[in-house]
Amino acid sequence: MTNSEQAHPKTDPTSGTAAGGGPAPRTPVLRAIVVVALAVVAGAAAGALALYGMNGLSGNVSPQESAPPSESAAVSTAAPAATDTACAAAAARARSLESLAKGDLAALKLSTTPKALPELAFTDAAGRPVTLADFKGRLLLVNLWATWCVPCRKEMPELDHLEATLGGPDFEVVAINLDTRDPEKPRAFLRDIGVTRLKNFADPKGQSFQALRAVGRGFGLPTTLIVDRDGCELGFLAGPAAWGGADAQGLLKAAIGAGRT
């Protein structure tokens, strides 16, 4: 037998074994498995990007500026605005809205158990610190967005229309921008698309995003929560929605009315 024959044993094509009874080399099989696995991962990633706006989208700002809040960013340690026990009534009200979570809001997940939210910290247009407690007494639609997030950009006129229609002493859209640089950019963007009703709330450090992720919310943008008058979660939606439409207005009007009782 030659050295070449010793180095590369012949394989019986019908048995999958090498001549002499040993196992055949499995490199082609392993390679095929890797290719299939990569295809599955790529498909999952494409599906995620269809739902959430993520880092590095073409046509937006540079990766350094557009990067979402870092994994190592500080998570707010502030106590929740309310305790889970105190949110029992909110969970009951959320269940009463189930028949209205349809159409444009079919993806809305209403709270089935009492859930208090962290006391999210951000700033207003003048740079003053703000938390959810400052809005106590009003139903809130809290939305986290960024200019680099394509679904977010498309959603802002919907939120502006919702604020124009329902905004007042009983309800407010709290849209918190997460851009990490140039605070004028989101303001200019909103002006350019004619958004005039939403206030300029900002969280360039991403603390609100991290605080929500710590309680199982906020894994991408946009992230939207319906928060009752006491800081308890009524519902959560991952991804964009037609918040200015009839389905959203119907559900939120019912939530406002339920909160008065």
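These values consider heavy atoms only, across backbone and side chains, with no hydrogens, waters or symmetry-generated copies. In this text, all values refer to a predicted model and were calculated from it rather than measured experimentally.
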Test D203 against N177 for side-chain contact (heavy atoms from CB on, under 4.5 Å), laying out the working first.
CA-CA 6 Å; D203 179 15; N177 177 264; over 6 Å; no
Check the orientation of F122 and F201. Use parallel for under 30°, tilted for 30 to 60°, and perpendicular for over 60°.
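Judged by the thresholds at 30° and 60°, the geometry between F122 and F201 is perpendicular.
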Please answer whether the main-chain N or O of [Y] pairs with a side-chain N or O of [X] as donor and acceptor at a distance below 3.5 Å.
X	Y	value
R95	T112	yes
T131	E119	no
D228	D230	yes
E158	A241	no

Please round to the nearest 0.5 Å and tell me the distance separating atom [atom1] of [X] and atom [atom2] of [Y].
X	Y	atom1	atom2	result
D182	R187	CG	CZ	9.5 Å
L97	L108	CG	CG	8.5 Å
S208	Q210	OG	CD	9.0 Å
S111	L117	OG	CG	8.0 Å
L139	L166	CG	CG	9.5 Å

Contact summary for [X] and [Y], nearest pair of heavy atoms:
X	Y	value
D247	G103	OD2-CA, 3.4 Å
L198	A175	CD1-CB, 4.3 Å
L221	C149	O-SG, 3.6 Å
E163	V173	OE1-N, 2.8 Å
Q249	T165	OE1-CG2, 3.3 Å
R213	G218	CB-O, 3.5 Å

Counting C-beta onward and ignoring hydrogens, is there a side-chain heavy-atom pair between [X] and [Y] closer than 4.5 Å?
X	Y	value
D179	P204	no
L251	I226	yes
E172	R197	no
T224	W145	no
V130	F135	yes

Over 12 non-hydrogen atoms of neighbours within 6.0 angstrom of CZ in R138:
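Check passes, neighbour count above 12.
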Could you check whether E184 pairs with R191 (Lys NZ or Arg NE/NH1/NH2 to Asp/Glu carboxylate O, under 4.0 Å)?
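A salt bridge links E184 with R191.
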Salt bridge or not for K199 and D124, using N-O below 4.0 Å?
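Looking at K199 and D124, the cut-off is not met.
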In this structure, which one of N143, L237, L178 forms a side chain to side chain contact (heavy atoms under 4.5 Å, CB included) with P222?
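Looking at N143, L237, L178, the match for P222 under the side chain to side chain contact (heavy atoms under 4.5 Å, CB included) is N143.
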Applying side chain to side chain contact (heavy atoms under 4.5 Å, CB included) between N200 and each of L190, I176, V195, report the one that passes.
L190
Applying side-chain contact (heavy atoms from CB on, under 4.5 Å), run through L140 and L225 and close with a yes or a no.
CA-CA 8 Å; L140 303 178; L225 301 101; over 6 Å; no
Any side-chain donor-acceptor pair under 3.5 Å between W243 and E155?
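Yes, side-chain donor-acceptor contact under 3.5 Å.
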What about F219 and F236, are their ring centers closer than 6.0 Å?
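No - the distance between ring centres of F219 and F236 does not fall below the 6.0 Å cut-off.
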Between L120 and V215, is there a shared hydrophobic cluster once you connect ILVMFWY residues whose side-chain heavy atoms come closer than 4.5 Å?
no
Hey, mind stepping through K109 and E233 against side-chain contact (heavy atoms from CB on, under 4.5 Å) and telling me if it holds?
CA-CA 10 Å; K109 304 298 183 183; E233 180 189 275; over 6 Å; no
What do the steps show when you test C232 against V227 for side-chain contact (heavy atoms from CB on, under 4.5 Å), and what is the final call?
CA-CA 5 Å; C232 303; V227 184; 6.0 Å; no
With sequence neighbours excluded, residues passing salt bridge (Lys or Arg N to Asp or Glu O under 4.0 Å) with D170:
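For D170 the salt bridge (Lys or Arg N to Asp or Glu O under 4.0 Å) partners, ignoring immediate neighbours, are R229, R260.
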